[in-house]
> 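This structure is in structure tokens; I'll ask about it shortly.
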Amino acid sequence: VQLQASGGGLVQAGGSLRLSCTASGRTFTDVVISWFRQAPGKEREFVLGINKSGGITSYADSVKDRFTVSRDNAKNTVYLQMNSLKPEDTAAYYCAGVRGYLSKQAGAYEYWGQGTQVTVSS
């Protein structure tokens, strides 16, 4: 599976962005997709994830009630809607895929897209 992340940019605090993760290759519905982020000098951290059918999601506490994940299996795409953005959300955002179960551990993921930068100004 090849993953392509897009949609990053510069936004003011309180604003919104929508990231997309589009897959090609192996059957998309075989793959759990999660988003991770990494800020300079920090470890990569789990943001949220969605299972293969889209019926189960998991969120980091830091983004609950602000970020939403969804997937359109017909378009081989997972969306990350980010609202009420804060400067601390500034990071490179990565989408990742695994054929197993939804996990918050980066090491569990087999497929990674390139990062897309999100910068939130105060």
Side-chain angles (χ1 to χ4, degrees):
V1 175
Q2 292 79 45
L3 302 176
Q4 176 87 25
S6 61
L10 173 64
V11 64
Q12 289 189 331
S16 298
L17 278 176
R18 188 177 80 160
L19 306 184
S20 298
C21 176
T22 301
S24 60
R26 192 181 179 90
T27 304
F28 183 62
T29 52
D30 288 345
V31 182
V32 168
I33 299 290
S34 289
W35 288 90
F36 291 78
R37 66 186 181 186
Q38 188 167 20
K42 295 188 176 181
E43 292 186 356
R44 191 167 296 191
E45 64 174 357
F46 174 82
V47 178
L48 46 74
I50 189 165
N51 76 334
K52 299 169 188 178
S53 67
I56 297 173
T57 57
S58 179
Y59 293 83
D61 288 344
S62 59
V63 306
K64 278 181 182 176
D65 300 324
R66 298 190 299 122
F67 291 10
T68 303
V69 64
S70 61
R71 69 189 291 162
D72 185 338
N73 285 342
K75 296 183 177 179
N76 283 8
T77 301
V78 168
Y79 302 101
L80 168 53
Q81 178 67 44
M82 303 186 293
N83 298 327
S84 302
L85 281 161
K86 304 175 181 180
E88 52 262 44
D89 294 317
T90 295
Y93 283 70
Y94 300 85
C95 60
V98 63
R99 289 170 290 172
Y101 297 96
L102 201 162
S103 171
K104 296 183 178 181
Q105 304 302 316
Y109 288 79
E110 304 166 88
Y111 314 108
W112 289 85
Q114 87 293 355
T116 185
Q117 180 68 34
V118 171
T119 303
V120 184
S121 63
S122 56

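Remember, it's a predicted structure, so these values are computed and weren't measured experimentally. Both backbone and side-chain heavy atoms feed into the values below; hydrogens, waters and symmetry mates do not.
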> Please tell me whether Y93 and V32 are part of a single hydrophobic cluster in this structure, the criterion being side-chain heavy atoms less than 4.5 Å apart.
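Hydrophobic grouping puts Y93 apart from V32.
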> For a 4.5 angstrom cut-off between non-hydrogen side-chain atoms, does T116 reach Y94?
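No, side chains not in contact.
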> With a 4.5 Å limit on heavy-atom distance, are the side chains of S16 and Q81 in contact?
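S16 reaches Q81 side chain to side chain.
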> Report yes or no: do L80 and L3 belong to one cluster of Ile/Leu/Val/Met/Phe/Trp/Tyr joined by side chain heavy-atom distances under 4.5 Å?
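Yes, L80 connects to L3 through the hydrophobic network.
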> Once rounded to the nearest 0.5 Å, what's the spacing between atom OG of S62 and atom NZ of K86?
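Answer rounded to 0.5 Å: 8.5 Å.
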> Measuring from S84:OG to R66:CZ, what's the distance to the nearest 0.5 Å?
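So the OG of S84 and the CZ of R66 are separated by 7.0 Å.
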> Please report the interatomic distance CD(E88) to CZ(R37), rounded to the nearest 0.5 Å.
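Here the rounded value is 8.0 Å.
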> Side-chain contact test, heavy atoms from C-beta onward, threshold under 4.5 Å: evaluate it for Q114 versus Q4 and give yes or no.
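Yes, side chains in contact.
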> Set out, in order, the CA-CA distance, both residues' side-chain angles and the distance that settles salt bridge (charged side-chain N to carboxylate O under 4.0 Å, His left out) for K64 and D61, then state yes or no.
CA-CA 5 Å; K64 278 181 182 176; D61 288 344; 3.2 Å; yes
> Within 45° of the ring axis of F28 and under 6.0 Å from its six-membered ring centre, is that where the NZ or CZ of R71 lies?
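Judged by the rule (NZ or CZ under 6.0 Å from the ring centre, within 45° of its axis), R71 counts as positioned above F28.
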> With hydrophobic residues grouped by side-chain heavy-atom distances under 4.5 Å, do V1 and L19 end up in a single group?
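Linked, V1 and L19 end up in one cluster.
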> Hydrophobic clustering (ILVMFWY, side-chain heavy atoms < 4.5 Å, transitive) - are V98 and V69 grouped together?
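No, because V69 and V98 fall into different hydrophobic clusters, even though each may have its own neighbours under 4.5 Å.
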> If I take atom SG from residue C21 and atom CD1 from residue I33, how far apart are they, to the nearest 0.5 angstrom?
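C21 SG to I33 CD1: 5.0 Å, rounded to 0.5 Å.
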> May I ask you to check whether T77 and D72 show a side-chain donor-acceptor distance below 3.5 Å?
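Judged by distance alone, the side chains do not pair up.
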> Quick check: do K104 and S58 have side-chain heavy atoms less than 4.5 Å from each other?
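They are in side-chain contact.
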> Same cluster or not: are W112 and V78 linked, directly or through other Ile, Leu, Val, Met, Phe, Trp or Tyr residues, by side-chain heavy atoms under 4.5 angstrom apart?
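In one cluster: no.
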> Start with the C-alpha gap between V118 and L17, add the side-chain angles, then the distance that decides, and say whether side chain to side chain contact (heavy atoms under 4.5 Å, CB included) holds.
CA-CA 9 Å; V118 171; L17 278 176; 3.9 Å; yes
> Kindly indicate whether a cation-pi arrangement holds for R44 with F36, taking the cut-offs as under 6.0 Å to the six-membered ring centre and within 45° of the axis.
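No, R44 does not lie over the aromatic ring of F36.
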> From N73 CG over to T27 OG1, what is the distance, rounded to the nearest 0.5 angstrom?
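It is 10.5 Å, given to the nearest 0.5 Å.
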> Evaluate the side-chain hydrogen bond (donor to acceptor under 3.5 Å, both in side chains) criterion for residues Y109 and S103: first the C-alpha distance (whole Å), next the side-chain angles of each, then the deciding distance (0.1 Å), finally the verdict.
CA-CA 8 Å; Y109 288 79; S103 171; 5.2 Å; no
> Would you mind reporting whether Q12 and V120 have side-chain heavy atoms less than 4.5 Å apart?
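Side-chain contact under 4.5 Å: no.
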> Any side-chain heavy atom of E110 within less than 4.5 Å of one from R99?
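They are in side-chain contact.
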> Rounded to the nearest 0.5 Å, how far does CD1 of I50 lie from OG1 of T68?
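Here the rounded value is 10.0 Å.
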> Which atoms form the tightest heavy-atom contact between S20 and W35, and what is the distance?
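Answer, listing the atom of S20 first, then W35: O-CH2, 3.6 Å.
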> So which heavy atom on V63 is nearest to which on V47, and how close?
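Scanning both residues, the minimum pair turns out to be CG2-O, 3.5 Å.
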> Could you walk me through whether R18 and Y79 pass side-chain hydrogen bond (donor to acceptor under 3.5 Å, both in side chains), step by step?
CA-CA 7 Å; R18 188 177 80 160; Y79 302 101; 4.9 Å; no
> So with a 6.0 Å cut-off around CG of L10, is the heavy-atom count from everything else above 12?
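Above 12, so yes.
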